[in-house]
Amino acid sequence: MGGMKNIFRGFIGMAIYLTTTMLIPALTFEYVDRMEIFIPPDEILDIEIAKGNIAVVIFWLVALGLTMSGLAFFSWSSPKESRRKVVFGILLVFAHCFYLWSYKFSGATAFGVEIPGLGRVIFDFAGIVLLYLGAYALIIVAKIWKLIEVEFGKRKEKKEEKVYIPESTFGKDGGAI
Amino acid sequence: MILLQVDILRMIADFIGVIFLYSKVVLTPIGEVMKLWIESVLNFIDTFIPMRYEIYIIIFIILVVSGVIINYHWPGEKKEVKEEEKKEMDVSAKKCKYCGKPIGDSEFCPYCGSRN
């Protein structure tokens, strides 16, 4: 029963990750790439992402989004306070780092807007990506600390189990056999 | 711009801005270090692993299937201790007042002979 509950939880985690890391960003990029904003009388506002190479951005989004969703499934479906949950949690944070950097890697953090009659405006979000990567580094440290905590908890549990000595160790009068 | 005319949204935006501004000093240098290894790994993947969706779909399937198998067979539930075993455990946990060794349910310690 507990196993099925765990798996159900895993599927929920996977669905959340598939939606937030893959579907929504990929569809947004696809939409923004095709989007045409008409400026009266007959001009078009052109938004250029990743220097027109949107396929590369979407490839990395889908590739790393799939990997992250798989890791999220494993992590969410693992029992609480277990080693595998923490280990896959750490792997998930590493995947998050790759995912975030893939935006910069594929050129999606910078996009230009051509405003007719005014010129070109370029937005660059690479600084925010670096900020997030720093935050992820701290999360990795916290997760490693959690792993150590879980490991110590498990050892303590094992030690407590070892204290148990069955009654049969002693004779009827209480003397050792 | 229209959204920022709502007071609460502007407050939230200011608050987030302050967090970003102050954490930038600490987090951006750490991010720079992270960037080094991430970029090299991504470059490696880009050079040696072909850009094909199949590879990532296989990784996804492996992770999900192994997750289902492992977490179904080892759900992490602790075994329920039977009442008798529990009783036995309580008895065996009784220790000698003098030497601290386990004495079971006997009145006398089998090791030091003292009465408990």
Side-chain angles (χ1 to χ4, degrees), chain A residues 1-7 10-11 14 56 59-60 62-67 69-82 84-85 88 94 97-98 100-102 104-105 127-138 140 163-167 169-176, chain B residues 20 23-24 26-35 37-39 41-43 45-46 49 51-53 55-78 85 87-89 91-93 95 101-111 113 116:
Chain A
M1 194 63 199
M4 287 311 288
K5 209 173 138 187
N6 284 347
I7 290 163
F11 275 113
M14 190 184 80
V56 179
F59 170 78
W60 284 109
V62 174
L64 291 168
L66 275 174
T67 315
S69 305
L71 287 170
F73 175 82
F74 210 116
S75 178
W76 281 53
S77 61
S78 300
K80 281 174 190 166
E81 299 297 319
S82 64
R84 56 177 183 259
K85 189 179 186 77
F88 277 86
F94 276 108
C97 295
F98 286 121
L100 206 61
W101 193 246
S102 75
K104 170 86 177 100
F105 189 71
I128 291 178
V129 172
L130 282 180
L131 198 75
Y132 268 100
L133 282 180
Y136 279 131
L138 297 183
I140 290 170
V163 172
Y164 166 66
I165 299 160
E167 204 182 357
T169 317
F170 306 105
K172 276 180 185 172
D173 56 345
Chain B
F20 273 131
S23 56
K24 193 182 164 188
V26 184
L27 295 180
T28 307
I30 304 171
E32 290 278 358
V33 177
M34 294 282 284
K35 178 189 138 182
W37 68 265
I38 292 171
E39 206 166 38
V41 172
L42 277 178
N43 273 325
I45 293 172
D46 201 30
I49 300 171
M51 277 177 80
R52 288 175 67 179
Y53 285 114
I55 296 167
Y56 298 95
I57 291 168
I58 289 167
I59 292 172
F60 173 73
I61 290 169
I62 289 171
L63 281 167
V64 171
V65 171
S66 58
V68 167
I69 294 167
I70 291 171
N71 290 307
Y72 186 76
H73 282 284
W74 293 281
E77 287 170 337
K78 282 176 185 166
E85 270 181 46
K87 216 174 173 184
E88 206 176 322
M89 266 174 129
V91 170
S92 63
K95 286 174 182 176
K101 287 178 178 166
I103 58 169
D105 59 345
S106 97
E107 199 181 338
F108 294 95
C109 174
Y111 301 99
N116 278 269

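Throughout, protein chains are lettered first and strands after them, A, B, ... in sequence-line order, and every chain is numbered starting at 1.
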Considering only heavy atoms and a distance below 4.5 Å, find which of B:Gly113, B:Ser66, B:Gly31, B:Ser23 pairs most often with chain A.
->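 Most heavy-atom pairs under 4.5 Å with chain A: B:Gly31.
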Specify which of B:Ile70, B:Ile57, B:Ile59, B:Ile55 makes the most heavy-atom pairs with chain A at under 4.5 Å.
->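 With the most close heavy-atom pairs to chain A, the winner is B:Ile70.
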Is the A:Phe94 ring parallel, tilted or perpendicular to the B:Trp37 ring (thresholds 30°, 60°)?
->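 Rings of A:Phe94 and B:Trp37: perpendicular, over 60°.
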Could you please spell out the steps behind the side chain to side chain contact (heavy atoms under 4.5 Å, CB included) verdict for A:Phe74 and B:Val64?
-> CA-CA 7 Å; A:Phe74 210 116; B:Val64 171; over 6 Å; no
Give a yes or no on this: more than 12 heavy atoms of other residues, nucleotides or ligands lie within 6.0 Å of atom CD of B:Glu32.
->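 It does: B:Glu32 CD has more than 12 such atoms within range.
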Give a yes or no on this: more than 12 heavy atoms of other residues, nucleotides or ligands lie within 6.0 Å of atom OH of A:Tyr132.
->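 Atom OH in A:Tyr132 is not packed in, count stays at 12 or less.
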Are [X] and [Y] side-chain neighbours, meaning at least one heavy-atom pair lies under 4.5 Å?
X        : Y        : value
A:Phe98  : B:Ile38  : yes
A:Trp60  : B:Met51  : yes
A:Leu138 : B:Leu27  : yes
B:Met34  : A:Leu130 : no
B:Asn71  : A:Arg84  : yes

Qualifying residues under ring pair (Phe, Tyr, Trp, His ring centres under 6.0 Å), relative to B:Tyr72, sequence neighbours excluded |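 Once residues adjacent in sequence are excluded, B:Tyr72 has no partner under the ring pair (Phe, Tyr, Trp, His ring centres under 6.0 Å) criterion.
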State the CD1-OG1 distance between A:Ile128 and B:Thr28, to the nearest 0.5 angstrom.
->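 So the gap between those two atoms works out to 10.0 Å.
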For the atom pair OH (B:Tyr56) and OG1 (A:Thr67), what is the distance rounded to the nearest 0.5 Å?
->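 Atom-to-atom, B:Tyr56:OH and A:Thr67:OG1 are 6.5 Å apart.
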Of all heavy-atom pairs between [X] and [Y], which one has the smallest distance, and what is that distance?
X       : Y        : value
B:Lys24 : A:Leu131 : CA-CD1, 3.2 Å
B:Ile30 : A:Ala137 : CG2-CB, 3.3 Å
B:Gly67 : A:Ser77  : O-OG, 4.4 Å

Where on A:Ser78 is there a heavy atom nearer than 4.5 Å to chain B: the side chain, the backbone, both, or neither?
->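 A:Ser78 touches chain B through backbone and side-chain heavy atoms alike.
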Go through the atoms of A:Leu71 and report whether side chain, backbone, both or neither lie under 4.5 Å from a heavy atom of chain B.
->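 For A:Leu71, the contact with chain B is made by backbone and side chain together.
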Measuring heavy-atom distances to chain A, does B:Ile61 have an atom under 4.5 Å in its side chain, in its backbone, in both, or in neither?
->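 Neither part.
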Heavy-atom distance under 4.5 Å to chain A: side chain of B:Leu42, backbone, both or neither?
->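 For B:Leu42, heavy atoms of backbone and side chain both lie under 4.5 Å from chain A.
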Option that, when pairs with chain B are counted at under 4.5 Å, heavy atom only, ranks first among A:Gly127, A:Ser82, A:Gly10, A:Cys97 =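 Among the listed options, the one with the most contacts to chain B is A:Cys97.
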Residues two or more places apart in sequence or in another chain: which of them pass salt bridge (charged side-chain N to carboxylate O under 4.0 Å, His left out) with B:Glu39?
->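 With sequence neighbours excluded, B:Glu39 shows a salt bridge (charged side-chain N to carboxylate O under 4.0 Å, His left out) to no residue whatsoever.
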Go through the steps for A:Phe73 and B:Phe60 under the test ring pair (Phe, Tyr, Trp, His ring centres under 6.0 Å), then give the verdict.
-> CA-CA 9 Å; A:Phe73 175 82; B:Phe60 173 73; 8.4 Å; no
